[in-house]
Amino acid sequence: MENFSKAIIGLDLTEMDDIILQYTKDCASILGLDKVYLTHIAKNLELSEDLAKKYPDLLAPVDEHIERELTDKANRFFEGTSVEVSVHVDEGDPMSEILRLAKIKGIDLLIMGHKDKLPGSGNLSNKLAEKAPASVLFVTEQPNPKIQTIAISLDFSSHSSLALQQAMAIGKRAGSKIAGIHVYEVPSGYHKTGKNYHEFAEIMKINAEEDFESFLKKNKLPKNEFPCHYVLQNEENRAKLIFKEASNQKADLIVIGSKGRTAAASILLGSTAEKLSRVDHSVPLLIVKKKNENLSFIEALLRI
């Protein structure tokens, strides 16, 4: 599995930036990072009232001051590391500009904040995660850089295989254990078989266990390489159940493929990954995508 050699780090000039940068620095080697682009895209670089208060003696253009601030952060967090850092400040629509930069630079990973109590809606991050032509890492407010346990959501699809390869590569470098999570459900109409709900749930679990064994075999992994925890879907959505089980496993990182054989509710992000990015705000989340899989769509989007 290839490293995440080049990454864009989306920054919004809030206290979340330092959390993201510290986590990226601490995890740079296990992610395989060689170069990062510290990026801030402002809708308008004219001097706002807030910036006027922050920089009362401002004479130079706002973008120069922001570049200087991000350069100071780059030096503070990455000096002495092997990671090459570039600062990129621009004006325009944040989503379009970040997608354009991702395409131009050929990035492998987009790193963004996942806020819970800190100010910010997170809408931009979720939209970027949906459309980014590369994998996406959401950093939470209190991440643990010592990744001891990685929880990976498995639906046994090709995208699960890709996510598993990445999780195992990170786990090998970090010395982490891996815990698989598979959510299964009882299909409607089960009563027509003459079985009650609990009897058919047991049948579905056995079927899932067999699917897992086939999945391991297909990926050329030993049967006991890592455990898979099976969760019966109830009235809660799949994403919440994955997060709950990941919490039970004391996961420091959750990994999921961008698509699966579950229905996709959005254009480029599987519905489970999309919902997980919205419900989980306490454990860093890595959404693994096949690089440039959706590049033609991105190119069309940028032409609009």
Side-chain angles (χ1 to χ4, degrees), residues 1-12 16-39 77-78 83 85 95 98-99 101-102 105-116 120 122 124-147 149-153 159 162-171 173-174 176 178 239 242-243 246 251-259 268-270 272-291 293:
M1 188 69 186
E2 293 182 1
N3 292 342
F4 293 128
S5 179
K6 292 186 285 186
I8 286 176
I9 304 177
L11 303 174
D12 63 1
M16 188 71 197
D17 290 355
D18 285 7
I19 297 172
I20 298 171
L21 292 172
Q22 184 65 56
Y23 185 79
T24 302
K25 174 198 171 183
D26 292 341
C27 296
S29 60
I30 64 173
L31 293 172
L33 293 176
D34 295 318
K35 181 160 188 175
V36 295
Y37 298 89
L38 274 55
T39 305
F77 285 99
F78 292 97
V83 180
V85 183
M95 187 170 74
I98 290 177
L99 291 176
L101 183 65
K105 301 298 183 182
I107 72 154
D108 308 297
L109 183 66
L110 175 60
I111 303 174
M112 298 179 290
H114 208 331
K115 296 178 181 178
D116 183 17
L124 176 61
S125 295
N126 288 318
K127 289 178 180 178
L128 279 168
E130 179 186 334
K131 295 178 172 62
S135 298
V136 179
L137 174 62
F138 284 107
V139 179
T140 50
E141 292 176 7
Q142 294 181 312
N144 180 11
K146 295 180 180 179
I147 302 175
T149 301
I150 299 173
I152 176 168
S153 172
H159 283 79
L162 192 66
L164 175 60
Q165 291 173 34
Q166 193 64 70
M168 293 187 70
I170 293 172
R173 291 190 288 262
S176 316
I178 293 178
I242 292 169
F243 171 62
D252 305 298
L253 178 67
I254 299 174
V255 179
I256 186 170
S258 64
K259 290 183 181 178
L268 300 176
L269 197 63
T272 303
E274 180 190 23
K275 290 175 183 175
L276 193 57
S277 72
R278 295 178 186 275
V279 303
D280 174 22
H281 292 82
S282 60
V283 181
L285 171 67
L286 175 62
I287 301 174
V288 179
K289 294 187 178 186
K290 186 175 181 180
K291 187 177 177 182
E293 183 177 42

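Below, each value reflects all heavy atoms present in this structure, side chains not excepted, and no hydrogens, waters or symmetry copies. Because the structure is a prediction, the values reported are computed rather than measured.
- Contacts of T39 classified as side chain to side chain contact (heavy atoms under 4.5 Å, CB included), with partners at least two apart in sequence or in another chain: I8, Y37, I41, H88, I98, L101.
- Atom CG of L286 and atom CD1 of I152 lie 9.0 Å apart (nearest 0.5 Å).
- In this structure, CG on D252 lies 8.5 Å from CD1 on I150, to the nearest 0.5 angstrom.
- Scanning for salt bridge (Lys or Arg N to Asp or Glu O under 4.0 Å) contacts around K35 gives E84, with sequence neighbours left out.
- The minimum heavy-atom distance between L99 and K131, with the atom names listed, is CD2-O, 3.8 Å.
- One N or O on the side chain of K289 and one on the backbone of E130 form a donor-acceptor pair closer than 3.5 Å.
- For D12, the salt bridge (Lys or Arg N to Asp or Glu O under 4.0 Å) test picks out K115, with sequence neighbours left out.
- Atom CD1 in I107 sits 9.0 Å away from atom OG in S135 (nearest 0.5 Å).
- Between Y23 and P145, the closest heavy-atom pair is CE1-CA, 3.8 Å.
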Name every donor-acceptor pair, under 3.5 Å, that has one atom in a side chain of residues 24-33 and the other anywhere in the protein, sequence neighbours excluded.
unit_1 : atom_1 : unit_2 : atom_2 : d
T24    : OG1    : I20    : O      : 2.8
D26    : OD1    : Q22    : NE2    : 3.1
D26    : OD2    : Q22    : NE2    : 3.3

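- With rounding to the nearest 0.5 angstrom, the CD1 atom of I9 is 4.5 Å from the CD1 atom of I111.
- Qualifying side chain to side chain contact (heavy atoms under 4.5 Å, CB included) partners for D34, counting only residues two or more places apart in sequence or in other chains: S5.
- The CG atom of D108 sits 7.0 Å away from atom NZ of K6, with the distance rounded to the nearest 0.5 Å.
- Looking at every heavy atom in both residues, G257 comes nearest to A163 through N-CB, 3.6 Å.
- The structure places CG of L38 at 8.5 Å from CG of D17, a figure rounded to the nearest 0.5 Å.
- Between the side chain of S153 and the backbone N or O of I256 there is no donor-acceptor pair closer than 3.5 Å.
- Using a 4.5 Å heavy-atom cutoff, the side chains of V255 and V288 are in contact.
- In terms of heavy atoms, L110 sits closest to A132 at CD2-CB, 4.1 Å.
- Pairing each heavy atom of H159 with each of S258, the nearest pair is CD2-OG, 3.5 Å.
- What you find for A251 and V283 is that their closest heavy atoms are O-CG1, 3.6 Å.
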